[in-house]
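Chain A is the first sequence line, chain B the second, and so forth, proteins listed ahead of strands; every chain is numbered from 1.
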Amino acid sequence: MSIFIDTSTRLVVQGITGRDGSFHTRQMVAAGTNVVAGVTPGKGGQTFETDQGGIPIFNTMDEAVEATQANASVVYVPPAFASGAIMEAADSGVDLVVAITEGIPVLDMTRAFAFTQDRDVRLLGPNCPGLISPGKGKVGIIPEQITAEGPVGVVSRSGTLTYEAVHQLTQAGIGQTTCVGIGGDPIIGTNFIDCLAAFSEDPDTRAVVMIGEIGGTDEQEAAQWVSENMEIPVVGFIAGQTAPPGRTMGHAGAIISGSSGTAEEKIRVFEENGIAVARRPVDIRDLIKEALGL
Amino acid sequence: MSIFIDTSTRLVVQGITGRDGSFHTRQMVAAGTNVVAGVTPGKGGQTFETDQGGIPIFNTMDEAVEATQANASVVYVPPAFASGAIMEAADSGVDLVVAITEGIPVLDMTRAFAFTQDRDVRLLGPNCPGLISPGKGKVGIIPEQITAEGPVGVVSRSGTLTYEAVHQLTQAGIGQTTCVGIGGDPIIGTNFIDCLAAFSEDPDTRAVVMIGEIGGTDEQEAAQWVSENMEIPVVGFIAGQTAPPGRTMGHAGAIISGSSGTAEEKIRVFEENGIAVARRPVDIRDLIKEALGL
Amino acid sequence: MDIHEYQAKELFRKAGIPVPPGDVARTADEAEALARALGGSVVVKAQVHTGGRGKAGGVKLASSAEEAREHAEAILGMEINGLTVHKVLVTPAEDIASEAYVGVLVDRKKQSATFMVSPEGGVDIEQVAEDNPDAILKMPIDPRYGLLPHQAYRMSTFLYDDPKLVKQASKIMGQLYRAFNENSCSLAEINPLIVTPDDEVKAIDAKVTIDDNALPRLPEVEAYRDTDAEPPSETKAREASLSFVKLDGNVGCCVNGAGLAMATMDLVKYYGGDPANFLDIGGSSNPEKVIAALEIITADPNVKVILFNIFGGITRCDDVANGIVEATKQIDIEPPIYIRLTGTNEDEALQILKDAGFSAYTSMDEVVETAVNFAAQA
Amino acid sequence: MDIHEYQAKELFRKAGIPVPPGDVARTADEAEALARALGGSVVVKAQVHTGGRGKAGGVKLASSAEEAREHAEAILGMEINGLTVHKVLVTPAEDIASEAYVGVLVDRKKQSATFMVSPEGGVDIEQVAEDNPDAILKMPIDPRYGLLPHQAYRMSTFLYDDPKLVKQASKIMGQLYRAFNENSCSLAEINPLIVTPDDEVKAIDAKVTIDDNALPRLPEVEAYRDTDAEPPSETKAREASLSFVKLDGNVGCCVNGAGLAMATMDLVKYYGGDPANFLDIGGSSNPEKVIAALEIITADPNVKVILFNIFGGITRCDDVANGIVEATKQIDIEPPIYIRLTGTNEDEALQILKDAGFSAYTSMDEVVETAVNFAAQA
């Protein structure tokens, strides 16, 4: 099993002819994802070629969904147009929109996120690596080769740090049900708790890795949710223990304001709520082994 | 029984100290309505005196609802502030907002109506006379003395024309469960079908009078709904048979555009759907008598 | 409130919509000067609040300033659908490769602003709706989000295939929606939206109706009001806060409430008469309003009889009675007045009327039938 | 992007918020002239992107133009929290009856813009939040509707009792929200919002942060950027699309991905070292970015060792390797470079590095520990 995507996922790539969109479409197809359509305004009627055959391109999401019964989309369009693309997707009838695009203005996202909520569409991201369910497919940019099928769910605000953790799990012979990157922007669609709740309901997920970072209180709320709701073990990691307050550390959301959102605080709340915290990325692997009784 | 209001209604009057608000508050109290609070910004803490005792005035709807557990409000505030007052009411936790104010800009209403819908609050009006359930209370401005308790539901886009019809029913000894004026503006909260559906579920309502006018297609849709859903008889009337096309007849919504929205068309659709149509206001009374087997 | 084409174009220009230049002239001299300044061929267009200007001869192409002058002379003073032309717009003649229709209006059914677009422009959109409904795309706009980029794109691709045109049209739709909202319009339309032989998309004719309710907060738009362009009776009614529409019959009607006013007119017709007007004196009437109403009604020489139908709710019958008595003192009213009053303060009203020598009815049918019969014999 | 107080006030003025006059001076002469033109007492305020200007002596009251000149002389060139003052704002001294706080920011928890208001203004709002949380009212704004009148009213009555003040404050909140939205702010605050003895409500200090992501569509706001006000290394990093933050340690870090970059810094600390910087070279790195990164890191004289930690996903390890080799040719790099590379095109990268005489690690812990140990001995 897996969360949010599985073999029934029928994906549209928004911005399929762009630099990132075209590269990652081929990667997604290679990872077994059923990419049924692409959208690039003005290029409707053309075909996007891959090793597994051609993917039809449409001008609009409506046309793509109508022609292919797609149920998910992934957004690679440039930041100025990305919030519009998210809303177009949400309006077209898909259930899941994964926004990879980095650099979308935050106030645009407050509207776009409200729009997806009005339509009960799950938004993942923006500014996130997407998600992968090894063996079933991926939506986004997480490298397939570092993953393996197995019993661990991974949820993270980060990209490459997630790869690091997943890579180490895989090398140690521990596979994953689904790895989800929720993104580092202040406004994101799917948060930690949404993922933890989904992992809780997935019978194949036997432990979860939660990778957070400084800024905000999402990790703290998630930790409390874990202690109140989760039966399977959760292992945590927080990046940014050496980050100075008041400075944005790469992710727009990674900033310590006043005394809130520090790594110390988050680690403390994790531990108070029964989440074992790895001090180094490499410790994640060991704590998970312990949690799984390996 | 009655629809939308009953003896459990706890009403706040928004704009209680204004000319219309103060006059009609006394009328509503006299009709047995439980007016629990008034709102006038800047006059919080004062008391509005009536024959039945003082009504506390608050600065905001939030304060009024918190202090009095009000569940309905009526809006008499001037048009420039009325859509804001409607949204304030919808945000305060009441279930019903009746907007009497005439002259609210239509685009303001499109937003305010969406706001009430987002919160599952019933909006009646604006630019409507409100509603009365004889013997139980009234919200708005329908004169109580022309009404009587009885088995007929009345729903109308008009004000005084409704009074005319109700007056004639009452004089003929036929009382009403509830009389509702839905208002003559292009954007209104509660429409014919909402009222017809409520009357259908009211065990005491044994026949319904539906009074429409030129403009739009609400009456036609309501007629179709009647033929598909209603078991009790409906008697109709349409005002504006002599109205010229393209001219607004008092109500912003009463305008024939092109060939649609004419009285002829509405009367035809009423009759096609089994609704007996009165040619003159006075015939309403006779058709209702017939429908009730009197 | 309807505004003129040249005023609508001014609003569109402010919103960034590409609208050809041009200005308004009140005399043939002015029109000639404008045409000369523009150079080349121009179009002289009657500025009146009615459709069908072209068919009525109110829109003319001129290939020289002299010809523009001649056309302006012919058009100024012309009557179109009963309205006298006081102004003409002089604007360059454009080469047209194709014509489309783009409009935004308030859609009661969708409870929101709604776009209507059609590749069949330059003609009456009602006619297109009837003859070829598939040639119209309707797009309701959620007031919480406004026009979204994918909606503009979908409408633009409904009009054009060429991505260059699609891009221009999408932008214009965004600007039109902005103009619609900022000016609280009930209608804002571009008909036709043309494509020139150089692939430029432009608004050639503009029609805008402003929501009367929003005028108090839009003083700049209120200033567009052209009282020359409406019958004096309607100006007077508006100033007295009366709702009035002139009709062709001879039974003057004075009623409180729009629905009851229409029902009264209908009843006049039912009894074989013809209403001279729709007139709603509104809810909180005072004697002054009744006086203004009687002045407006009696200014119409067709009126043979005056019919009052008042159902007192908020309206107090005694106020209306006082107004009638006062009016008969102040102005010379020739047609007889038939009065029906019922409801709030009915007894006081009947006494006031009786003291002044009037009688009154309490049944609507009775008073209408009596008035109609009088008018038929007069 | 942080903008200066005087720039924030300009944005507020455009939105209609009552802001006292005043202008910015770069020299003591200019400051004196401005003070003379304003007349009366003035305040001379350091324009730097940091808080605590008052405590640092960067804000001074002057009762004459000469005194303003003296203060400007003292303040210009002063260092506040490591930033040199290049400009001062000269603005009239206001009589103050009371001070409040009004701010709008993006609240991650509410997923929307959120107002924060407090009657305790003129002090650090974080401090108020800690000492007296009940003195702060938070009001999340639904992005679909914007600030609603009853929300503005509720906040204003939280600040003031007098209806005259409530009315002014409500209006200012609407204007502030407009400024916040139109300029895509992540923070817009007025602190203090004062009441004068004449019951006028005015914005006396202004702080605005613009969402960097929105700058491409806001050229007028982008023009507010003051590169004098930021360390040259950060200017260079921004121009190379690198995410860089200077720190105090001696281990220069070059990582792809913000999370991994922070985790790398944390690991430096774990092994007893001290990071010299946060540096994320981003996803789609190319050799030029790596060169720019090395230039920035080596410009810091504290740096004793350079640490690369690259997890190749979108980032190709061979691009990074090429960048390192190229940089060592172009610039003189003294500190030793420790490199960890894994993921996409790892083998090609290792070959490139080997050919150029570098060795590389594949474990993050190993490379960090080695680099830290070197720095400790250096």
Side-chain angles (χ1 to χ4, degrees), chain B residues 19-20 23-24 79-80 102-108 110-111 113-115 118 129 141-143 145-146 156-164 167 184 186-188 211 213-218 221 237 239-244 247-254 257-259 263 279-282, chain C residues 51 106-109 111-113 124 126-127 129-130 141-144 180-181 184-186 211-214 216-217 243 245 247-249 255-270 274-275 278-280 282-284 309-315 342-344 363-365:
Chain B
R19 205 179 57 95
D20 290 344
F23 178 79
H24 289 291
E102 183 179 350
I104 304 178
V106 177
L107 293 179
D108 291 9
T110 61
R111 294 175 72 236
F113 180 47
F115 192 86
D118 279 347
I141 63 175
I142 299 177
Q145 61 275 18
I146 61 167
S156 168
R157 262 168 77 184
S158 150
T160 45
L161 177 55
T162 315
Y163 306 168
E164 181 78 42
H167 186 50
I187 305 294
I188 51 171
I211 299 175
E213 57 190 33
I214 54 164
T217 55
D218 286 2
E221 282 147 37
F237 180 81
Q241 297 171 53
T242 48
R247 301 302 306 268
T248 300
M249 305 303 274
H251 289 167
S257 311
S259 63
R279 294 290 150 176
R280 301 174 299 168
V282 69
Chain C
V106 174
D107 186 329
R108 303 163 56 128
K109 216 159 163 178
Q111 303 269 33
S112 71
D124 182 7
E126 300 272 359
Q127 199 58 47
E130 215 152 281
I141 306 304
D142 187 330
R144 301 172 308 168
F180 178 85
N181 257 300
S184 291
C185 301
S186 27
D211 178 1
D212 290 337
N213 292 344
R217 69 175 175 212
S243 184
V245 176
L247 300 171
D248 297 328
V255 189
N256 67 324
L260 189 61
M262 283 190 276
T264 304
M265 287 157 51
D266 294 349
L267 205 61
V268 165
K269 191 92 173 179
Y270 179 92
D274 241 334
F278 166 92
L279 196 158
D280 171 13
S284 42
N309 185 16
I310 303 298
F311 199 107
I314 323 176
T315 308
T342 195
T344 310
S363 147
M364 178 171 166
D365 279 77

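- Between chain C and the options Q145(B), R279(B), E221(B), heavy-atom pairs under 4.5 Å are most frequent for E221(B).
- Of the listed residues (S243(C), C185(C), P143(C)), the one with the most heavy-atom contacts under 4.5 Å to chain B is P143(C).
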Q: Go through E164(B) and M364(C) one step at a time and tell me if the side chain to side chain contact (heavy atoms under 4.5 Å, CB included) criterion holds.
A: CA-CA 9 Å; E164(B) 181 78 42; M364(C) 178 171 166; 3.7 Å; yes

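- Using a 4.5 Å cut-off between heavy atoms, D266(C) touches chain B through backbone and side chain atoms alike.
- Note on T162(B), V106(B), I214(B): by heavy-atom pairs under 4.5 Å with chain C, the leading option is V106(B).
- Most heavy-atom pairs under 4.5 Å with chain B, from the set D365(C), L267(C), V106(C): that is D365(C).
- With a 4.5 Å cut-off on side-chain heavy atoms, R108(C) and D218(B) count as touching.
- By number of non-hydrogen pairs under 4.5 angstrom with chain C, the leading residue of P143(B), P244(B), A243(B), G240(B) is G240(B).
- How far CG of N213(C) is from CG of D108(B): 9.0 Å, rounded to the nearest 0.5 Å.
- Residue K269(C) holds its NZ atom at 7.0 Å from OG1 of T242(B), rounded to the nearest 0.5 Å.
- Annotation: the span from I187(B) atom CD1 to S112(C) atom OG amounts to 7.0 Å, rounded to 0.5 Å.
- Contact annotation for L247(C): only side-chain heavy atoms (C-beta onward) come within less than 4.5 Å of a heavy atom of chain B.
- Within the 3.5 Å criterion, the main-chain N or O of T110(B) finds no donor-acceptor partner in the side chain of Q111(C).
- Contact annotation: the side chain of L260(C) never approaches that of Y163(B) to less than 4.5 Å [non-hydrogen atoms, C-beta and beyond].
- For chain B, no part of A261(C) is nearby; none of its heavy atoms comes within less than 4.5 Å.
- If you measure heavy-atom distances from T342(C) to chain B, the contacts under 4.5 Å come from the side chain alone.
- No side-chain donor-acceptor contact under 3.5 Å links T160(B) to the backbone of F311(C).
- Contact check for M262(C) versus S158(B): no side-chain heavy atoms found under the 4.5 Å cut-off.
- In this structure, the side chain of D280(C) does not engage the main chain of G250(B) through any donor-acceptor pair within 3.5 Å.
- Heavy atoms of F115(B) lying under 4.5 Å from chain C are absent altogether.
- Within a 6.0 Å sphere centred on CG of D124(C), other residues, nucleotides and ligands contribute more than 12 heavy atoms.
- Here the shortest heavy-atom pairing between E213(B) and G259(C) reads OE1-CA, 4.1 Å.
- Only the backbone of D107(C) comes within contact range of chain B, with heavy atoms under 4.5 Å apart.
- Summarising the geometry, atom CG belonging to D142(C) is positioned 11.0 Å from atom CZ belonging to R111(B); distances are rounded to the nearest 0.5 Å.
- Comparing A80(B), G103(B), P129(B) by how many heavy-atom pairs each has under 4.5 Å with chain C, the most go to G103(B).
- For chain C, the nearby parts of P186(B) are the backbone and the side chain; heavy atoms of each come within less than 4.5 Å.
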